[in-house]
Amino acid sequence: MARSKPVYDFKTIEKKWNKYWLDNKLYKAIDFDKRPKYYVLVEFPYPSAAGLHMGHCRNYTAFDAYARYFRMKGYNVLYPMGWDAFGLPLYNYAIKVGKDPHDASEENIRNFKKQLIKLGGSFDWDREINTTDPEYYKWTQWIFVQFYNHWYDPEYPRKDGGKGKARHIDELPIPEEVKKKGPKAIKDYQDKFRLAYKAKMPVFYCPSCKMGVANEEVEADGTHERCHNPVEVRELEQWMLRITAYADRLIEDLDLVDYSESIKQAQINWIGRKYGALVNFKIDGTDDVLEVYTTRPDTIFGVTFVVVAPDSEFVSKYQDKFAEPEKVKAYVKEALVKQATESMDRSKSGVFTGMYAIHPITKEKVPIYIADFVVSDYGTGAVMGVPAHDQRDYEFAKEHNLPIKWVVKPRDGEWNEDKAYESRDGVVINSDFLNGLGVKEAIQKAIEYFTEHKIGKMHKAYHLRDWVFSRQHYWGEPTPMVYCEKCGWNPVPVDELPVKLPRLSDYRMAEDGTSPLQRAEEWKKTTCPVCGGPAERETDVMPNWAGSNWYYLRYLDPHNKEKLVDYNKAEYWMPVDLYDGGAEHNTMHLLYSRFVYKFLYDIGVVPVPEPYQRRITHGLVLGPDGKKMSKSRGNVINPDEVVDQFGADVVRTYVMFMGPHDATLPWSDEAMMGVKRFLDRIWVYASSAIDSGFNIRGVEKENQELKIDLNELAKKVGDDISKVKFNTAIAKIMEFFNKYEKIPPSRENLEILLKILAPFAPFITEELWHRIGNKESIHITRWPEYDPGLAKQKEVEVVVQVNGKVRGKVPVRPGADQEEVLKKALEDEKIRRYIEDGYRKVVYVQDKVLNIVT
RNA sequence: GCCGGGGUGGCGGAAUUGGCAGACGCGUCGGACUUAAAAUCCGAUGGCCUUUUGGCCGUGCGGGUUCGAGUCCCGCCCCCGGCACCA
């Protein structure tokens, strides 16, 4: 890129004002201030590399402009910053550079912070947080202990009028027969209800990362989201969080927030609630029942077989009774691997067990199959096969020569027997007491019948599963739990938190995939909080999400030693007014953090039911070649370099100008140069006005026009910023400036222009503001007030159409009526030419358009 | 397959929600300044026709509603993101 002497010395200017702003704590957010509060939050960065990337740069400067605007509008703005530094990426980075992750993260953070300051970020640094700081993760651990100490009562009335609340485990009713068996039995009973519980269960395990992986982190093709290597299924003892208890509230409370429809949909789909029924099929030759889940109980008379998941309880319990146990065993083994890895296989494979289930109504015997299309963790892990009305069942029946019974027919005419009839518009047939009913009515009636005859009941099923909350590596919050041979698992007493992550001489994973904490004998050894005997600490750490789920609350009270957050401060600041983040976090992070928040709400830590009032998604910045920036492609634009070369104001204004905030856009050096030219011209314009002492003799009239347009500009730019439309806000300033660049401004008008530009280019506007002679910072002045009287002084142009085609324009005062506009239009020779033969009709839209129809 | 979001100049993108399509920026072309170049400034820039005045065509494709459609309705095509054997 060609270089020339800069028009102004941005380096000196930026350094000077940054120092001034920091020294004076200009952007301090004040608790309990009288002004209305405004909480702007952008997802905090993960410092897994040495410096910021352009995407960070874009998001943080865009909302910096947003925060600056709201401050100028008179709000007490909280725009905080912190660091999400636990987790695997940083752990891997530390190993790569051969440093203890404590030190590696500290170094990265130092640089991130330096860069953010350089960019002019108006953060309140007194509220800086870091998830790896023991003073911070003390509270991450505290939350975990609270989860452990609570259970969910779905019927408990909440103070907000809703139903369902987390209650202390001591309030859990214990059945008499359990009580009789003593304290051990009571604890075992309680453990089944805790919101944090340990479960031995099949979980995904990534052999490459050497860690357990949450279901949600596994891609559709069976690979790990982070490293894209295939995962395996393993049995591991894991801490789990019972998010499913909050599923209904997480759906219902979406009514309280202003997320876009697509984000709400993403949340709803992820939870995946479906209403259906449980139906009991007796297992022939036993006293057991097989419980199946169905969303179509109306087709109960169409059942011709039953299918269970390969890893269901049924399989392990009855494997000795199967007709061909060896064949079944082989199939199950194969099916489990297939289920965990490739889910795309559409062949309807399955194996007959040799056992039969008894239809709960007709008492017919139907065969029981094992098939990999049934998954154990949805519904009951068993389904009823209705080949006539489910395409997948249809294919399975064809494959295994099973009968097909038609029990629903289309309202008008015949059906096609080559495929299942899945429509819900049909009428039920061949179904005893359901005959003649529509599908909806039949579903209702069937469930009533099941309930009455005790063969089934209504049931909700969720796609959402409980959350695996253990990670088998080093760089995370230690799980504050202790195991004692005598007393089992118990939480570390709250007054002993935090359980600090120890510094180790070797912080790397062992060859066998075990965590270094398992080797930290000194650290592991502790005493049981219940009996005082010897005990061992949990060596699994928490997932990366643990610290990032609630961080926005700590900004409100970052130095509180007694509490996670002072209730009154939370009451003042919550909810977050605007939360910006990546699209990839619209499901998991958003849902999990809402869940954690709702739990904190239940236990009285926070005042309002939802944490984020409005959610905005940001796009990525691609390389100049339109591809994702990466070192291997060599298309990385380093923020530090461009800021050094062109100044923070140019980079800031450009990243906001490049396109809509939620769009993924390619970087363009050339387009950035356009912004640089614009700011250079502003500098020259303002400087020469200042140097000439605002001599506007002879241009008073133009200055009045300028003032009228400026009045409108301030409003439009402000509206655009509120709507997160930074690109058009800047375009409007450019448009204005193109029009008036030749008119020397009055001091008043120049000051207004600088204020409008200040959120985008805080450094040069501050410098020019002071050169004018102002003593206070421009960033704490008030945004120009809109004057509707001034707006009225401006003429408007009404477009004149003939038969819908534009044929001319007439200038009129705003609010002119049809008669006046028409008269003026008819005076126009060019327009008259098109209506020589007269006209039939006139349509007028005030101040906009006049359409003459001939 | 399902859910969500889109398709507008050479490029990134604008269009008070039914009212001048292409704001703003880039690029390109022409000009000024310069020995020359860069930088800067001025002008032009959707396509086609026309000497000019001007005319016609244009927002993925095909229909429709309307005085008027990028925007609304019906039927297609394509692209991006998320989820997917969910019973």
Review point. Among G4(B), G55(B), C85(B), which nucleotide sits nearest the side chain of Gln265(A)?
Key: G4(B)
Point to revise | Note, Leu753(A) side chain near Tyr685(A) side chain (heavy atom, < 4.5 Å) | key: yes
Practice item. Take the angle between the ring planes of His585(A) and His589(A) and call it parallel below 30°, perpendicular above 60°, tilted in between. Key: perpendicular
Expected list for residues 713-721 of chain A: side-chain donor-acceptor pairs under 3.5 angstrom, two or more places apart:
residue, atom, partner, partner atom, Å
Lys715(A), NZ, Asp719(A), OD2, 3.3
Asp720(A), OD1, Lys732(A), NZ, 3.4
Asp720(A), OD2, Thr728(A), OG1, 2.8
Asp720(A), OD2, Ala729(A), N, 3.3
Asp720(A), OD2, Lys732(A), NZ, 2.8

Exercise for review: Would you indicate what Ala671(A) reaches in the nucleic acid, counting non-hydrogen atoms under 4.0 angstrom: base, sugar-phosphate, or nothing?
Suggested key: sugar-phosphate
Review point. Using the ring of each side chain (for Trp, its six-membered ring), is Tyr8(A) parallel, tilted or perpendicular to Trp683(A), with breaks at 30° and 60°?
Key: parallel
Check your understanding: When all nucleic acid strands are considered with a 4.0 Å heavy-atom cut-off, which category describes Arg273(A): base, sugar-phosphate, or nothing?
Key -> nothing
Review point. When we call it a touch if two heavy atoms are under 4.0 Å apart, what does Pro666(A) touch: a base, just sugar-phosphate, or nothing?
Key: nothing
Check your understanding: So, for Trp406(A) and Tyr421(A), is the gap between ring centers shorter than 6.0 Å?
Key -> no
Exercise for review: Report yes or no: does Asn586(A) contribute a side-chain atom to a donor-acceptor pair with the main-chain N or O of Ile263(A) at less than 3.5 Å?
Suggested key: no
Point to revise | Sub-4.0 Å heavy-atom contacts from residues 844-851 of chain A onto RNA chain B, ordered by number | key: Val845(A), Lys848(A), Val849(A), Asn851(A)
Review point. Is there a side-chain polar atom (N or O) of Arg392(A) under 4.0 Å from OP1 or OP2 of C86(B)?
Key: yes
Check your understanding: With a non-hydrogen cut-off below 4.0 angstrom, is Lys264(A) in contact with a base, only sugar-phosphate, or nothing?
Key -> nothing
Exercise for review: Would you indicate which nucleotide in C83(B), C24(B), G55(B) comes nearest to any side-chain atom of Phe657(A)?
Suggested key: C24(B)
Check your understanding: Is G47(B) syn or is it anti, if syn means the base angle is within 90 degrees of 0?
Key -> anti
Exercise for review: Side chain of Arg677(A) only, please: which of G55(B), G27(B), C67(B) is the nearest?
Suggested key: G27(B)
Practice item. Please confirm whether any donor atom in the side chain of Asn269(A) sits under 3.5 Å from an acceptor in the base of C2(B), or the reverse. Key: no
**Study point:** Interface with RNA chain B, restricted to residues 615-624 of chain A and to heavy atoms under 4.0 Å
**Key:** none
**Study point:** Polar side-chain contact Gln801(A)-G19(B) base: donor and acceptor under 3.5 Å
**Key:** yes
Show every donor-acceptor pair shorter than 3.5 Å between a side-chain atom in residues 798-806 of chain A and any protein atom, with sequence neighbours excluded, or say none if there are none.
residue, atom, partner, partner atom, Å
Asn803(A), OD1, Thr854(A), N, 3.0
Asn803(A), ND2, Thr854(A), OG1, 3.1

Point to revise | Closest nucleotide among G54(B), C24(B), G13(B) to the Pro660(A) side chain | key: G13(B)
Exercise for review: Counting heavy atoms from C-beta on, name the nucleotide in G12(B), A84(B), C85(B) closest to the side chain of Leu665(A).
Suggested key: G12(B)
Review point. Base, sugar-phosphate, or nothing for Val799(A), non-hydrogen atoms under 4.0 angstrom?
Key: base
Revision key, fill the gap. In short, side chain to side chain donor-acceptor pair (under 3.5 Å) pairs touching residues 649-662 of chain A with sequence neighbours left out are Asp64(A)-Arg652(A), Asp580(A)-His661(A)
Check your understanding: Contact class for Thr294(A) (heavy atom, under 4.0 Å): base, sugar-phosphate, or nothing?
Key -> sugar-phosphate
**Study point:** Sub-4.0 Å heavy-atom contacts from residues 715-734 of chain A onto RNA chain B, ordered by number
**Key:** Lys725(A), Asn727(A), Thr728(A), Ala731(A), Met734(A)
Check your understanding: Heavy atoms under 4.0 Å, any strand shown: does Arg840(A) hit a base, just sugar-phosphate, or nothing?
Key -> nothing
Exercise for review: Can you figure out which of C57(B), C85(B), C20(B) approaches the side chain of Phe373(A) most closely?
Suggested key: C85(B)
